[in-house]
Amino acid sequence: MLFEKIKIGDLELKNRIVMPAMCQYSSDGTGVVKSWHLSHYQTRAVGGTGLIVIEATAVDPDGRISKNDLGIWEDKQIEGLKKLVDLVHEGGSKIAIQLAHAGRKSKATDEPIAPSAIRYSENYSKPREMTKSEIKEIVAKFSMAARRSEMAGFDGIEIHAAHGYLINEFLSPLTNKREDEYGGSIENRTKFLSEIVDGIRENWHKPLWVRVSASDYARGGNDVEDTVEVLKILGKRIDGVNVSGGGVVHEQQIKVYPGYMLENAKKIRSQTHLTTIGGGLINSYELAEFAINSHCDLVFVGRQLLRDPYWPLKCAKEAGIDLEWPFQYERAKIY
Ligand SMILES: Cc1cc2nc3c(=O)[nH]c(=O)nc-3n(C[C@H](O)[C@H](O)[C@H](O)COP(=O)(O)O)c2cc1C
């Protein structure tokens, strides 16, 4: 199953292995792609990954996690992203971009924004509560970023609504204490994300999915049932979901073990019927196959792909599956 084709929306992938977004903090303050990104991502494409989601890419300079994040807030950044897309395609993978705003977890500004003026921890600045016009501005920035993603030639967009960054801060009752139509009920807390989806859809007609923190792993926070509600509100406007977790509050309690977020992926898949990407410490071929057979449609493999860019090719070889290798490496396929 792992090496069978699958579609997210109308995007066909050669296998079900997804490299999830993983920040490299390797730009130079301008947000542009550097040589590190080119070799890092192309190596994973050559290694056989079906879909590469590039790291959280900021729609606004003040929405960066660090000053060295990638950015897509201005047209100057398109050229490097296009080069990256072309190299990954040449390597044989499809490529999506993760559009992000760090909200109160930005360390690129002294004045971060958030739904409510609550700081993440002592080590972070206290954010300013966003006005309604600032909300509209950020929605427009996601929409413009989608236009630039189209120009760079990406195959998919993943909205970063997980890990306690801006969108997740709106979704979680622990970080959203607003009393207007963007706070309170789950419908209200989803309004910002919903407007972002609509804004992106104005400029983007290819597959679109959302990365969620299914659970906040904290008392009083969202759990997987709340996340199902969020996804139901988005409905057919999105093509899939990438199920992650946590990152919203410092006091979270997560037990980490191989496959630790798969149960949430399974619940979401069964209750929404969205194409579902699941994972969490997937570190063996057997576990990846197990996940695909029973929990999700695709698996994300993060740190294992940092350790070993050729992991997909090696898995197939060990399982006796005859994959097409890059012709340059064919002599290494047998012995
Ligand atoms: C270096 C590093 C950077 C990360 N950056 C991001 C990111 O930009 N966006 C995101 O959604 N998750 C990010 N994550 C989380 C990963 O996408 C993934 O969910 C996490 O590592 C768990 O999967 P794994 O156990 O297979 O590594 C990052 C993880 C690592 C290790």
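Side chains are part of it too, since the values below use all heavy atoms of this structure and drop only hydrogens, waters and symmetry mates.
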Drop me the distance from I292's CD1 to I282's CD1, to the nearest 0.5 angstrom. 8.5 Å
When you compare the side chains of N242 and E158, does any donor N or O come within less than 3.5 Å of an acceptor on the partner? yes
Gap separating the OG atom of S215 from the CD atom of E225, nearest 0.5 angstrom: 10.5 Å
Contact check, side chains of M144 and V59, non-hydrogen atoms, under 4.5 Å: no
Determine the sole option in T57, I78, L81 for which the side chain to side chain contact (heavy atoms under 4.5 Å, CB included) test with V33 is passed. L81
Run I17 and L51 through side-chain contact (heavy atoms from CB on, under 4.5 Å) and show every step you take. CA-CA 6 Å; I17 301 170; L51 172 66; over 6 Å; no
Would you call I159 and I238 a side-chain contact if the rule is heavy atoms closer than 4.5 Å? no
Q24 vs E55, test: side chain to side chain donor-acceptor pair (under 3.5 Å). Steps then yes/no. CA-CA 7 Å; Q24 297 298 296; E55 64 205 79; 5.2 Å; no
Verify, without hydrogens or angle tests, whether T276 (side chain) and L274 (backbone) share a donor-acceptor contact under 3.5 angstrom. yes
Should M151 and K82 count as side-chain neighbours, where that means a heavy-atom distance under 4.5 Å? no
Residues E79, K83: salt bridge by 4.0 Å N-O rule: no
Enter the distance from H101:NE2 to N168:CG here, rounded to the nearest 0.5 Å. 14.0 Å
Enumerate the residue pairs fulfilling ring pair (Phe, Tyr, Trp, His ring centres under 6.0 Å) with a member in residues 246-266, sequence neighbours excluded, ordered by first and then second residue. Y120-H250
Scan residues 5-25 for pairs that pass ring pair (Phe, Tyr, Trp, His ring centres under 6.0 Å), counting only residues two or more places apart or in two chains. none
For residues 226-235, the side-chain hydrogen bond (donor to acceptor under 3.5 Å, both in side chains) pairs (sequence neighbours left out) are none
Under a 3.5 Å distance rule, please check whether K105 uses its side chain to pair with a backbone N or O of P112 as donor and acceptor. no
Residues E187, T190; criterion side-chain contact (heavy atoms from CB on, under 4.5 Å); working and verdict: CA-CA 5 Å; E187 289 78 14; T190 307; 5.9 Å; no
Between K255 and Y217, is there a side-chain heavy-atom distance shorter than 4.5 Å? no
Scan the side chains in residues 309-323 for donor-acceptor partners under 3.5 Å anywhere in the protein, sequence neighbours excluded, and list what turns up.
{"unit_1": "K314", "atom_1": "NZ", "unit_2": "D308", "atom_2": "OD1", "d": "3.4"}
{"unit_1": "K314", "atom_1": "NZ", "unit_2": "D308", "atom_2": "OD2", "d": "2.9"}
{"unit_1": "D322", "atom_1": "OD1", "unit_2": "K333", "atom_2": "NZ", "d": "2.7"}

Look only at the side chain of R189 and the backbone of L171, and say whether a donor-acceptor pair between them is shorter than 3.5 Å. yes
Is K132 salt-bridged to E181, going by a charged N under 4.0 Å from an acidic O? yes
Pairs flagged by side-chain hydrogen bond (donor to acceptor under 3.5 Å, both in side chains) wherever residues 144-156 is involved - sequence neighbours left out: D75-R147, D75-R148, H89-D155
Say whether, by atom type as modelled, one donor and one acceptor occur between the side chain of N15 and the main chain of F3 under 3.5 angstrom. no
Verify, without hydrogens or angle tests, whether R16 (side chain) and I6 (backbone) share a donor-acceptor contact under 3.5 angstrom. no
Would the distance check show the side chain of S106 and the main-chain N or O of A102 forming a donor-acceptor pair, the cut-off being under 3.5 Å? no
Roughly how far apart are F154 CZ and I52 CD1, rounded to 0.5 Å? 11.0 Å
Distance-only, no hydrogens or angles: does the E289 side chain make a donor-acceptor pair with backbone N or O of L2 under 3.5 Å? yes
Heavy atoms, side chains only, cut-off 4.5 Å: are T175 and I118 in contact? no
Given 3.5 Å as the limit, does a donor-acceptor pair link the side chain of S93 with the main chain of T49, or not? yes
Side chains of N68 and S27, donor plus acceptor under 3.5 Å: no
Hey, is the main chain of L234 close enough, under 3.5 Å, to the side chain of R237 for a donor-acceptor pair? yes
If only side-chain N and O atoms count, and only distance matters, is there a donor-acceptor pair under 3.5 Å linking E330 with W325? no
I65 vs Y165, test: side-chain contact (heavy atoms from CB on, under 4.5 Å). Steps then yes/no. CA-CA 9 Å; I65 300 167; Y165 297 112; 3.5 Å; yes
Measure the shortest side-chain to side-chain distance between K14 and E324 over non-hydrogen atoms and say whether it is less than 4.5 angstrom. no
A quick test of your reading: do over 12 heavy atoms of other residues, nucleotides or ligands sit less than 6.0 Å from CG of D110? no
Only pairs under 3.5 Å count here: list side-chain donor-acceptor contacts from residues 121-129, not counting sequence neighbours, and write none if there are none.
{"unit_1": "S121", "atom_1": "OG", "unit_2": "N123", "atom_2": "N", "d": "3.2"}
{"unit_1": "R128", "atom_1": "NH2", "unit_2": "E134", "atom_2": "OE2", "d": "2.1"}

In this structure, CZ of F170 is separated from CD1 of I196 (nearest 0.5 Å) by 8.0 Å
Do I138 and F192 come close enough that some side-chain heavy atom pair is under 4.5 Å? yes
Indicate whether any N or O donor in one side chain lies under 3.5 Å from an N or O acceptor in the other, for D297 and T275. no
Would you give the length of the straight line joining atom OG1 of T109 to atom NZ of K67, rounded to the nearest 0.5 angstrom? 8.0 Å
Take the angle between the ring planes of H40 and W36 and call it parallel below 30°, perpendicular above 60°, tilted in between. parallel
Apply the test salt bridge (charged side-chain N to carboxylate O under 4.0 Å, His left out) to residues K136 and E195: give CA-CA distance (whole Å), side-chain angles for both, the deciding distance (0.1 Å), then the verdict. CA-CA 9 Å; K136 301 285 175 217; E195 288 178 2; 3.4 Å; yes
Going by atom types alone, do H37 and S26 pair a side-chain donor with an acceptor below 3.5 Å? no
Side chain of R64, backbone of P61: donor and acceptor closer than 3.5 Å? yes
Within a reach of under 6.0 Å around CD of Q328, are more than 12 heavy atoms found that belong to other residues, nucleotides or ligands? yes
Any D10 side-chain heavy atom under 4.5 Å of P207 side chain: yes
Checking V53 against I97 for the side-chain contact (heavy atoms from CB on, under 4.5 Å) test, could you report, in this order, the C-alpha distance in whole Å, the side-chain angles of both residues, the deciding distance, and whether it holds? CA-CA 5 Å; V53 184; I97 182 166; over 6 Å; no
Could you check whether D62 pairs with K107 (Lys NZ or Arg NE/NH1/NH2 to Asp/Glu carboxylate O, under 4.0 Å)? no
